[in-house]
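Worksheet: one structure, shown below.
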Amino acid sequence: MNQNTVFLLLTAMAANFYRYIVALPLMAVLFGIKATDRVKSFLFRFIAVPAKWVRTARQYRLNIYSNKPYKLIWEHG
């Protein structure tokens, strides 16, 4: 019973997070994700991005290999 409750809570949190992210106007303009899109299209357009961790100057840096403006999201939160 406890496992079902935890799964229900995590699924509800993920659904709320997904709805919030998709409803942002920035997502429609820059990434082509509309509020009516399903999870699969969201994953392929926003989440599944080729990237690699690179060590430079004793620090780890994430190199994102995409033409989409992910820097705007990280700068403006």
Side-chain angles (χ1 to χ4, degrees):
M1 189 69 170
N2 289 337
Q3 294 173 352
N4 289 340
T5 305
V6 171
F7 179 76
L8 175 73
L9 291 173
L10 288 176
T11 306
M13 288 171 45
N16 289 336
F17 181 68
Y18 168 73
R19 287 184 188 145
Y20 173 75
I21 293 293
V22 171
L24 293 174
L26 182 68
M27 296 302 286
V29 173
L30 298 178
F31 295 96
I33 299 172
K34 297 176 287 200
T36 57
D37 283 349
R38 295 183 183 253
V39 175
K40 188 173 183 178
S41 63
F42 173 73
L43 289 175
F44 284 128
R45 291 183 186 161
F46 186 71
I47 302 293
V49 178
K52 182 170 82 171
W53 286 102
V54 178
R55 187 175 169 113
T56 304
R58 297 183 184 177
Q59 295 179 351
Y60 284 102
R61 182 175 171 208
L62 182 64
N63 282 347
I64 298 176
Y65 303 106
S66 177
N67 295 331
K68 296 179 182 174
Y70 286 97
K71 288 185 179 181
L72 292 175
I73 294 173
W74 291 110
E75 289 173 358
H76 300 291

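Quick note: residue numbers are just sequence positions, from 1.
- Atom OH of Tyr60 sits in a sparse spot, with 12 or fewer heavy atoms from other residues, nucleotides or ligands closer than 6.0 Å.
- Listed by first and then second residue, the side chain to side chain donor-acceptor pair (under 3.5 Å) pairs that reach into residues 48-57 come to none, sequence neighbours excluded.
- The side-chain contact (heavy atoms from CB on, under 4.5 Å) check on Ile47 picks up Phe42, Leu43, with sequence neighbours excluded.
- Taking both residues in full, the closest heavy atoms of Val22 and Ala35 are given as CG1-CA, 3.3 Å, listed atom of the first, atom of the second, then distance.
- The shortest distance between side-chain heavy atoms of Lys34 and Asp37 falls below 4.5 Å.
- There is no path of hydrophobic side-chain contacts, each under 4.5 Å, that joins Phe7 to Leu9.
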Enumerate donor-acceptor pairs with a distance under 3.5 Å from any side-chain N or O in residues 25-33 to protein atoms, sequence neighbours excluded.
none

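- Residues Ile21 and Phe17 are in side-chain contact: their nearest non-hydrogen atoms beyond the backbone lie under 4.5 Å apart.
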